[in-house]
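In listed order, ligands and their atoms are each counted from 1.
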Amino acid sequence: MNANSKQATETDALFASIGEGIIATDDNGIITRINQAALKILGYEHDELVGSWFPNQVVATYRDGTPIGMMDRPVTKAIVTGKTITERMTYRRKDGSLVPVSLTVSPIIRDSKPAGAIEVFRDISHDIQSDKMKTEFISVASHQLRTPLSAINVYSRMLHDGMAGPLNDDQSSFVSNILSSVDRMNSLINTLLNITRIEAGGVDVRISDVSLYEIADAIISESRPGAEERQLRIKSRVADTPSIATDGMLVREIYSNLLSNAIKYTPAGGTITVSLQEHGNNVVFSVKDTGYGIPQSAQDHIFTKFFRADNILGEDVSGTGLGLYLTKTIAESLDGNLWFESTEGKGSLFCFELSKQGSSARRGKFKLD
Ligand code: ADP
């Protein structure tokens, strides 16, 4: 067997044995090769697909069911742009049923020109189903935790206020500790519930005339005692910007998440600078800290659910990795931009920008707590 035919046999074996669907096309999008896994996912026979025009023969839709035009199909984009494309979408099987897939299409480049493409895809129905079950579980568990927690809260407050008789210093400090843990648990439950609500039906955005200045100013005042306790200085550079038509409660959630992170992730002696400024047609809120910073390797994952960077795990700072995921989702629902810059060991800068045109009202299924 010569080297070329050995290589071809190996490629055939690789094609056949891989568990993910693979479709190879020429530069016109005509299917030249397809493996068993792809045929199984799509419900076609080999000869029904090989030789046909891929975007025409296998219908694709976005996740909301809208058909994807030929030019927007990943295979077309990969051939036209020469770039690798990764997307999630839905394919229509031969029997008309729909299958959600995650796919990557890479162009085949020959003599610096695209000569075709290879698409690798997998059926993600199980992933979607298990994500849904996880979300439902979190939602039910959080609701069930709320009732006993509110009883603990009420009775501890009554003890604290001396309604069951005066407390000595130790008793009073123990009850204060219980109360602050109850507050932390309450806010964790609210975050979990808000996430399940967002995932189930999107955020409700209610528009009114909002003074971003008042929100930023109030949040700084509320955060000062906690910051002082941690020996941090908050510098305010908050300008009295014009009011904007947006959802004040959601803006407050974003601002306060960014500031509370800066306080959490800056060691004693540090400085946090909060600013609100007009930049052209936008109003930018920013929080700069002199804290632990975010390692380069973690920066792509910072808005992912449950992600916490390695460098803070040893620092005894509690957290869930949910705050920024929630913040980013809310920022998008307000048509705003959220971004950050950070250097490990030096500090971070988080910015949230809203256009002076404001946000659009949106009917989500739920209101946030
Ligand atoms: P949590 O604070 O509950 O862990 P977040 O979603 O708010 O969750 O943040 C995710 C991760 O991003 C944090 O665990 C931390 O590693 C990093 N991070 C966020 N803000 C900062 C900051 N200001 N400085 C350093 N790291 C930060």
Could you go through I22 and E119, starting from their C-alpha distance and side-chain angles, then the distance that decides it, and tell me whether this counts as side-chain contact (heavy atoms from CB on, under 4.5 Å)?
CA-CA 6 Å; I22 310 180; E119 172 169 319; over 6 Å; no
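Judged by distance alone, the side chains of D335 and S359 never bring a donor and an acceptor atom under 3.5 Å apart. Using modelled atom types, one finds no donor on one side chain facing an acceptor on the other under 3.5 Å when comparing S243 with S211. R252 and S256 share no donor-acceptor pair across their side chains, judged by distance under 3.5 Å alone.
Protein residues are said to neighbour a ligand when one of their heavy atoms lies under 4.0 Å from it; for ligand 1 these are N261, A262, K264, Y265, D289, G293, I294, I302, F307, R308, A309, I312, G319, T320, G321, L322, G323, L324, S348, F350.
Enclosure of atom CG in D310 is not indicated, since only 12 or fewer non-hydrogen atoms of other residues, nucleotides or ligands lie within 6.0 angstrom.
Here the side chains of T304 and Y325 are not in contact, with every heavy-atom distance at 4.5 Å or above.
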